[in-house]
2 protein chains.
Amino acid sequence: MKDDPKYQYMSQIMKALAHPTRLFILDLLAEKEYCVCELQKQIGTDISTVSKHLAVLKNAGLISSHKVNNQVWYNLLCPCVLDFYNCVSEIKN
Amino acid sequence: MKDDPKYQYMSQIMKALAHPTRLFILDLLAEKEYCVCELQKQIGTDISTVSKHLAVLKNAGLISSHKVNNQVWYNLLCPCVLDFYNCVSEIKN
DNA sequence: TTCCTATTTGGCAAAATAGGCAAATAGGTC
DNA sequence: GACCTATTTGCCTATTTTGCCAAATAGGAA
């Protein structure tokens, strides 16, 4: 039961959400699509770090990307993730 | 913006959800409350491992516990977490 | 008190994750 | 071809997480 692949699968998605920078990225992508360099300006870390965070989110199926010339644009695939923000925000520590 | 404490806080909760065993525990607690030894039977790992997973979930505010004699019973505090399961389940890899 | 069961805690080693830098890749322009 | 910009990948180190074992703690019962 514990080894049901559904828990493996869901924990992979939760892991993708388990980083402040990635949550911030999803919040940004909720408004509009961004290219990597614009996200990098908002975030402030090395662009390779941003790229890796985006790869994690994409691998989890949360975002998608398309290329325009030499830029890669990312957009949100699963807006329901943001609804969960509200639920989680109400949990008090 | 990235350093907004809300992202720190939410990522902490997401981290608590980012493990197959802990997701399984929440699924069990959705039905009824369990004591540690009953959870251990369902999960099959060392009981100290179960106890630590429970501590992670409790620290995140997702579950609560109360003691009856020498047993500790745990129950779910945030059923909305399970609604998120449905959202996440629909994300395709 | 001693004994028994239930649970937590500490320590440790293995595995996973994060982030920076440099190099590689991709696409365009000159 | 050489050059420039945008992005990804590889490598490395530091940090965090995981899970087991043993020890400690808590609460009853004999």
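The sequence lines fix the lettering, A, B, ..., with proteins before strands; numbering per chain opens at 1.
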Closest to the [X] side chain: [options]?
| X | options | result |
| --- | --- | --- |
| Arg22(B) | dT18(D), dT7(D), dA6(D) | dT18(D) |
| Ser51(A) | dT7(C), dC21(C), dT9(D) | dT9(D) |
| Val36(B) | dT7(D), dT8(C), dT17(C) | dT8(C) |
| Ser48(B) | dG10(D), dT7(C), dA22(D) | dA22(D) |

Closer to the 5' end of DNA chain C via nearest nucleotide, is it Lys52(B) or Lys52(A)?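 Taking each residue's closest nucleotide, the earlier one in sequence belongs to Lys52(B).
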In terms of the nearest nucleotide of DNA chain C, which residue is placed more toward the 5' end: Thr49(A) or Asn69(A)?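 Checking each residue's closest nucleotide, the 5'-ward one belongs to Thr49(A).
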What is the distance, rounded to the nearest whole Å, between atom [atom1] of [X] and atom [atom2] of [N]?
| X | N | atom1 | atom2 | value |
| --- | --- | --- | --- | --- |
| Gln40(A) | dG19(C) | CD | P | 14 Å |
| Ile43(A) | dT7(D) | CD1 | P | 12 Å |
| His66(B) | dG27(D) | NE2 | P | 15 Å |
| Ile47(B) | dT9(C) | CD1 | C1' | 14 Å |
| Leu57(A) | dT8(D) | CG | P | 12 Å |
| Asp46(A) | dT8(D) | CG | C1' | 12 Å |
| Leu17(B) | dT17(D) | CG | P | 14 Å |
| Lys41(A) | dT5(D) | NZ | C1' | 12 Å |

Under the criterion side chain to side chain contact (heavy atoms under 4.5 Å, CB included), I'd like the reasoning laid out for Leu62(A) against Ile13(A): C-alpha separation, chi angles, the key distance, then a yes or no. CA-CA 8 Å; Leu62(A) 294 166; Ile13(A) 292 174; 4.3 Å; yes
Side-chain donor/acceptor of Lys67(A) to base of dG28(C), under 3.5 Å: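 Result: no qualifying N/O pair found.
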Between the base of dT7(C) and the side chain of Asn70(B), is one N or O donor paired with an acceptor at under 3.5 angstrom?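 No pair found.
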Using a 4.5 Å cut-off on heavy atoms from C-beta on, say whether the side chain of Tyr74(B) contacts that of Tyr34(B).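 Tyr34(B) does not reach Tyr74(B) side chain to side chain.
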Side chains of Lys41(B) and Ile47(B) in contact at under 4.5 Å (non-hydrogen atoms):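 No; the side chains remain at least 4.5 Å from each other.
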With a cut-off of less than 4.0 Å, is there a side-chain N or O of His53(A) near OP1 or OP2 of dT17(C)?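 Checking dT17(C) against His53(A), no side-chain N or O comes under 4.0 Å of OP1 or OP2.
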Quick check on dA6(C): is either OP1 or OP2 less than 4.0 Å from any side-chain nitrogen or oxygen of Tyr74(B)?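 No, Tyr74(B) has no side-chain N/O under 4.0 Å of OP1/OP2 on dA6(C).
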Side-chain donor-acceptor contact under 3.5 Å, Lys58(A) with Ser65(A):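 Looking only at side-chain atoms, Ser65(A) and Lys58(A) do form a donor-acceptor pair, the distance falling under 3.5 Å.
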Are Lys6(A) and Asp27(B) ion-paired here, with the side-chain N under 4.0 Å from a carboxylate O?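 Asp27(B) and Lys6(A): salt-bridged.
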